[in-house]
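Heavy-atom basis, side chains included; hydrogens, waters and symmetry copies ignored.
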Amino acid sequence: MSDAGSDELDEEQGQGVGTYAGERNELGERHGEGEANLPNGDTYKGSYENNKRNGMGTYRFTNGARYIGEWLKNKKHGQGVFIYPDGSKYDGAWVEDQRSGKGFYYYVNGDVYEGEWQNHKRHGQGAYIYHDTGSRYEGTWKEGLREGYGELIHRNHKFVGKFRDDKPSGQGKYIFDIGCMQTGDYILVEQSADERGAHDDEEVKVIPKWRAKDIREIVLDPIEDLEKSREFEVENLPPENDDYLNEEEGEEEALNQSINEPTVDRTSPLGDETEGDNAAVLEVVAEQHKLRSGTEATSEETEDMGEEEDEEEEENVE
């Protein structure tokens with residue numbers, strides 16, 4: 001994303017205000033609907049109040065960027081969509097020309113951020129989706145960086161823990177789809193010259209390294225799951241009267257309306273620095289999980305045992 005070319009030209013009365021065609025008030029100020037061609041080549045078409053952009057309007061920049069949305073006293077304020085010169089797009093809330101509130105940002109490389117903003121930066125709760133890997137971060141942000149509790153979700157496992165300065169830090173755990181998890185913590189270590197492929201005179205980098213502690217199996221409670229399932233079924237039983245059908249029709253109508261409503265709700269793409277750790281952790285966990293379950297018969301062994309029993313029964317019959 002680039003904010004270059006996102007500064008609009010003021011349209012106060014005076015020299016070099018360009019041309020204007022539209023409504024005016026009794027003082028001759030731009031007031032109401034109108035269209036302006038500014039001296040720098042930018043154009044604006046929309047609502048004015050007392051000579052200032054106010055209300056809904058579209059501002060087009062000479063570099064190809066444009067903003068479509070709400071204005072307040074010549075500033076982007078309210079809900080609006082900004083399409084930047086590089087093709088990235090923000091769709092969400094604005095406060096005095098700043099991305100602030102809830103909004104989506106669509107990056108040129110396909111990444112997407114959905115969440116809270118403050119002063120043009122990711123700030124608060126939000127989710128960032130990595131287009132190339134399909135990974136997803138959900139958690140807290142502070143001034144554009146991941147900070148505090150969060151989850152980094154991958155295809156077959158996820159990391160749950162804390163982040164500091166956009167990097168995993170301190171205690172956390174990896175949870176794997178194969179039914180186990182590994183606890184440990186991230187510690188900061190100096191990157192060796194071999195790892196960074198640099199000369200000795202270059203600055204030494206400090207990177208997070210995963211230090212594993214133990215691996216444990218994730219055990220689900222079947223009784224608890226059964227009770228939850230029964231509670232859900234009881235809570236969702238339909239009432240024994242015709243009002244249920246009317247409620248269903250109302251819900252379907254509301255759903256159709258929500259589908260047809262337009263979305264009004266993302267500065268540079270992030271990198272996933274835990275990818276190397278994920279591969280190594282997954283390999284270790286899979287191996288240890290295999291060793292732990294080695295005492296149980298595999299599916300192939302079970303089939304062979306079944307075939308041997310069938311052969312013995314046939315011999316006995318003969």
Side-chain angles (χ1 to χ4, degrees), residues 1-10 42-49 52-153 163 166 254-255 257-272:
M1 188 224 74
S2 173
D3 288 326
S6 62
D7 295 328
E8 301 80 23
L9 192 68
D10 286 336
D42 295 350
T43 63
Y44 173 78
K45 183 178 181 180
S47 180
Y48 284 88
E49 185 175 323
K52 296 181 182 293
R53 295 183 290 274
N54 208 86
M56 289 296 298
T58 300
Y59 193 107
R60 297 180 182 274
F61 300 84
T62 55
N63 61 4
R66 61 189 182 277
Y67 171 79
I68 307 101
E70 296 177 300
W71 298 80
L72 180 64
K73 297 181 179 180
N74 267 357
K75 293 184 177 181
K76 297 182 288 292
H77 193 92
Q79 294 294 315
V81 178
F82 200 112
I83 302 172
Y84 293 89
D86 62 359
S88 58
K89 181 176 73 172
Y90 173 77
D91 183 349
W94 296 79
V95 176
E96 295 187 350
D97 270 346
Q98 303 287 310
R99 294 185 293 269
S100 289
K102 293 184 178 180
F104 294 78
Y105 199 103
Y106 303 89
Y107 298 87
V108 179
N109 66 347
D111 291 357
V112 179
Y113 172 78
E114 173 188 356
E116 297 175 317
W117 296 78
Q118 182 175 296
N119 299 328
H120 256 356
K121 296 180 179 179
R122 297 180 289 263
H123 191 91
Q125 293 297 311
Y128 189 103
I129 302 172
Y130 300 85
H131 175 265
D132 291 341
T133 62
S135 298
R136 178 186 183 94
Y137 170 80
E138 297 180 358
T140 309
W141 300 77
K142 183 179 179 181
E143 296 183 354
L145 304 177
R146 293 169 292 186
E147 186 80 19
Y149 179 84
E151 297 186 5
L152 194 53
I153 305 167
F163 288 74
D166 211 39
L255 177 61
Q257 290 178 356
S258 65
I259 292 175
N260 295 326
E261 289 177 356
T263 301
V264 185
D265 267 308
R266 270 184 190 270
T267 281
S268 46
L270 296 175
D272 184 1

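The distance from atom OH of Tyr48 to atom CG of Asn74, rounded to the nearest 0.5 Å, is 8.0 Å. Note that OH of Tyr106 is 11.5 Å distant from CD1 of Ile83, once rounded to the nearest 0.5 Å. Between Ile129 atom CD1 and Arg136 atom CZ the span is 4.0 Å, to the nearest 0.5 Å. To the nearest 0.5 Å, atom CZ of residue Arg99 and atom NE2 of residue His120 are 4.5 Å apart. For the atom pair NZ (Lys142) and NE2 (His123), the distance works out to 7.5 Å, reported to the nearest 0.5 Å. Asn54 CG to Leu72 CG: the interatomic distance, rounded to the nearest 0.5 Å, is 5.0 Å.
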**Message:** I'd like to know whether Tyr90 forms a side chain to side chain contact (heavy atoms under 4.5 Å, CB included) with Tyr84, so could you lay out the CA-CA distance, the side-chain angles of the two residues, the decisive distance to 0.1 Å, and finally the verdict.
**Reply:** CA-CA 8 Å; Tyr90 173 77; Tyr84 293 89; 4.2 Å; yes
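The aromatic rings of Trp71 and Tyr44 sit perpendicular to each other, their planes meeting at more than 60°, with 30° as the lower class boundary. Relative ring orientation between Phe82 and Trp94 is described as tilted, the plane-to-plane angle lying within the 30° to 60° band.
When every heavy atom of Gly101 is checked against every heavy atom of Ala93, the shortest pair comes out as CA-CB, 4.1 Å. Closest approach of Pro85 and Ala65 over heavy atoms only: CD-CB, 3.7 Å. When every heavy atom of Ser47 is checked against every heavy atom of Gly55, the shortest pair comes out as CB-CA, 4.2 Å.
At a threshold of 4.5 Å between non-hydrogen side-chain atoms, the residues His131 and Asn109 do not count as touching.
Geometrically, Arg122 does not engage Tyr128 in a cation-pi contact defined by less than 6.0 Å to the ring centre and at most 45° from the axis. A cation-pi contact, defined as under 6.0 Å to the ring centre and within 45° of the axis, links Arg146 to Tyr137.
With hydrogens and angles ignored, the 3.5 Å screen pairs a side-chain donor or acceptor of Asp97 with a backbone N or O of Lys76. Between the side chain of Ser88 and the backbone N or O of Val108, no donor-acceptor pair lies under 3.5 Å. Although no hydrogens or angles enter the test, the distance criterion places a donor-acceptor pair under 3.5 Å between the side chain of Asp42 and the main chain of Thr62.
Residues meeting the side chain to side chain donor-acceptor pair (under 3.5 Å) test with Gln125, sequence neighbours left out: Thr140. The side chain to side chain contact (heavy atoms under 4.5 Å, CB included) test applied to Lys45 returns Glu35, not counting sequence neighbours.
With Lys75 as the fixed residue, the side-chain contact (heavy atoms from CB on, under 4.5 Å) test singles out one of Glu70, Gln98, Glu96: Glu96.
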